[in-house]
Structure formats: C-alpha cells, structure tokens
Chemist: 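I'd like to ask you about the structure that follows.
Naming: A, B, ... by sequence-line order, numbering from 1 per chain. From a predicted model like this one, the values you see are computed outputs, not experimental measurements.
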Amino acid sequence: DTGVSQNPRHKITKRGQNVTFRCDPISEHNRLYWYRQTLGQGPEFLTYFQNEAQLEKSRLLSDRFSAERPKGSFSTLEIQRTEQGDSAMYLCAGQGNTGELFFGEGSRLTVL
Amino acid sequence: SQELEQSPQSLIVQEGKNLTINCTSSKTLYGLYWYKQKYGEGLIFLMMLQKGGEEKSHEKITAKLDEKKQQSSLHITASQPSHAGIYLCGADITGANNLFFGTGTRLTVIP
C-alpha cells in the first residue's frame, strides 16, 4: 500500500461528457504528479504540484485537461468534452522528502 | 519516451535463472527510478538511484546507475514466478522529478 488512493478506479463515459478523477496522497507528499498511460506504453507525464502550486502544466494534452490541488492535499484531474482518444489509465503519484515517488492504483477511463 | 530506451521489450526466462534489464538515457539523469507493474494495476516502487555508480539491492533485485548517470540496469537473481510483470524505468532529466518512462520490459518466468 503506497498510501496514494485514486477514485474512481474505473469510469465509463460517453463521448462529449466531462469526467473528474480524484487523488488522495498521504500528508507527507508535498509533491503530487499526474500521468497518463495507454496500453503497451509507459506512463506519460501530464502535470505536477508542489503543495497547492501547479508548477508544470505545459504537458497537459489539450486545454480540455485541467488539474487542481486547492488545499495542497487531494488533487483532481478533469477532462472536459471527452474523446475516444482519452481512453487510458490516469495515474497519480505522491512524493515526500525522501524523493521516492509512489503511485496510486490508477483510474481507468473508457470513452464510448 | 524518445529520451529513454529500455531493453529488452520482453523476456521469458526459466525459474531460477538470472536476468538483466537495461535502461539508457540520451541525457544525464538527475535520478532513475525502477518500478514493477502488473497488468491493469498501478506502479510498485522498487528503487531510486541518484548518484553516479550507485547500486541498491532489495531481496533478489539489484539496480545500478553508471558513473555517467546515463545508463541503469536492473538485475534479478534466481528469478521466481512472483517476479513476473512489467518493469519500467523512469528518468528524471529536469531535476523536478517529473519522470519520463521507457516502454517497459515484460517479464515472464516459467515455473
């Protein structure tokens, strides 16, 4: 157990709908990262936070993607107007002062 | 990721055999992370290497980072079926820990 929990674990939605994923790291994780993983590929970095500050977001896939970490604890990743190409596993990772990056179990999105 | 190459892409070994997985970066690394992933699940942290020449071991798994900090290897001794899965290396090439991952090595261990 990495202490990083994600929900929902699975989400099936119709094209055009909005979806939101939530990540709850442990309190020691001052940095929080979002990744996307498609079948047969390694995770692809999307964005990260240092406490509540979003320090890198240029790699978010389009302006339909946005992330927040309002109080420096949990984070949300929202995808608006979903497309079939958004189908993937969305992974969250937390990092504390030791530098080790711990991932959650992921949220699998299927867009019909 | 084009910055990171992982080899081999897949590996099938007999139980009890040793094996090595390699990860090569075109850039000097601030850090190199090794993870294991089972299909459809999250990534399990194995080891983090940050210093040139560093070597770490956990149970039967040893990871090394070369002196130039551009290449890492993961070695499993006396493999077991429980070692089966996808091994991923993640490279920190910016110093911000936003890792770039290889495509992974799928390991199958035949009992």
Side-chain angles (χ1 to χ4, degrees), chain A residues 1-10 21 23-26 29-50 53-60 67 87-110, chain B residues 1-10 21-25 27 29-51 54 56 58 63 65 69 72 74 85-107:
Chain A
D1 183 9
T2 64
V4 179
S5 62
Q6 292 187 244
N7 64 81
R9 292 290 312 278
H10 303 275
F21 300 113
C23 174
D24 285 87
I26 62 175
H29 290 163
N30 46 24
R31 283 194 173 184
L32 184 148
Y33 299 78
W34 283 101
Y35 286 81
R36 183 180 83 152
Q37 186 177 27
T38 53
L39 200 62
Q41 301 296 315
E44 176 186 11
F45 169 74
L46 297 178
T47 187
Y48 84 102
F49 295 84
Q50 171 84 35
Q54 189 172 12
L55 298 185
E56 172 62 67
K57 55 183 178 180
S58 65
R59 291 189 174 262
L60 284 168
S87 296
M89 176 80 89
Y90 291 86
L91 294 160
C92 170
Q95 183 184 47
N97 293 330
T98 60
E100 295 162 344
L101 210 63
F102 294 103
F103 282 81
E105 290 291 327
S107 294
R108 181 170 296 282
L109 173 65
T110 301
Chain B
S1 165
Q2 292 180 344
E3 290 91 353
L4 207 62
E5 283 190 14
Q6 194 171 336
S7 63
Q9 287 189 339
S10 66
I21 299 168
N22 295 300
C23 185
T24 302
S25 170
K27 301 182 181 182
L29 304 173
Y30 288 86
L32 191 289
Y33 295 67
W34 283 100
Y35 291 88
K36 178 184 174 184
Q37 186 177 33
K38 298 222 166 178
Y39 180 77
E41 299 181 7
L43 279 66
I44 301 168
F45 174 81
L46 296 176
M47 270 169 275
M48 175 182 73
L49 304 165
Q50 293 181 305
K51 300 176 184 175
E54 187 174 12
K56 289 186 178 179
H58 177 68
L65 183 62
K69 296 173 64 175
S72 179
L74 185 84
I86 300 170
Y87 288 82
L88 290 154
C89 62
D92 178 6
I93 60 174
T94 66
N97 295 118
N98 39 333
L99 305 183
F100 292 89
F101 282 88
T103 52
T105 296
R106 181 180 295 276
L107 173 64

Chemist: With rounding to the nearest 0.5 Å, note down the distance linking OG1 in B:Thr94 to CD in A:Glu56.
Modeler: 8.0 Å
Chemist: Should we count NZ of B:Lys56 as having more than 12 external heavy atoms under 6.0 Å?
Modeler: yes
Chemist: Counting neighbours of CD on B:Glu41 that are heavy atoms of other residues, nucleotides or ligands and sit closer than 6.0 Å, is the number greater than 12?
Modeler: yes
Chemist: Can you check whether A:Leu101 reaches B:Phe45 side chain to side chain, under 4.5 Å on heavy atoms?
Modeler: no
Chemist: For chain B, which residues from residues 92-99 of chain A lie under 4.5 Å away (heavy-atom distances)?
Modeler: A:Gln95, A:Thr98, A:Gly99
Chemist: Rounded to the nearest 0.5 Å, how far does CZ of B:Phe100 lie from OH of A:Tyr35?
Modeler: 8.0 Å
Chemist: Quick one: does B:Met47's side chain get under 4.5 Å of A:Glu100's, heavy atoms only?
Modeler: no
Chemist: Suppose we screen for salt bridge (Lys or Arg N to Asp or Glu O under 4.0 Å). Which residues come up paired with B:Arg106, at least two apart in sequence or across chains?
Modeler: none
Chemist: Are the side chains of B:Leu99 and A:Phe45 in touch, meaning some heavy atoms are under 4.5 Å apart?
Modeler: no
Chemist: Checking A:Leu39 against chain B: side chain, backbone, both or neither under 4.5 Å from a heavy atom?
Modeler: side chain
Chemist: What are the two closest non-hydrogen atoms of A:Pro43 and B:Leu43, and how far apart are they?
Modeler: CG-CD2, 4.0 Å
Chemist: Report the distance from atom CD of B:Gln37 to atom CE of A:Met89, rounding to the nearest 0.5 Å.
Modeler: 7.0 Å
Chemist: Give, as side chain, backbone, both or neither, the part of A:Gln6 having an atom under 4.5 angstrom from any heavy atom of chain B.
Modeler: neither
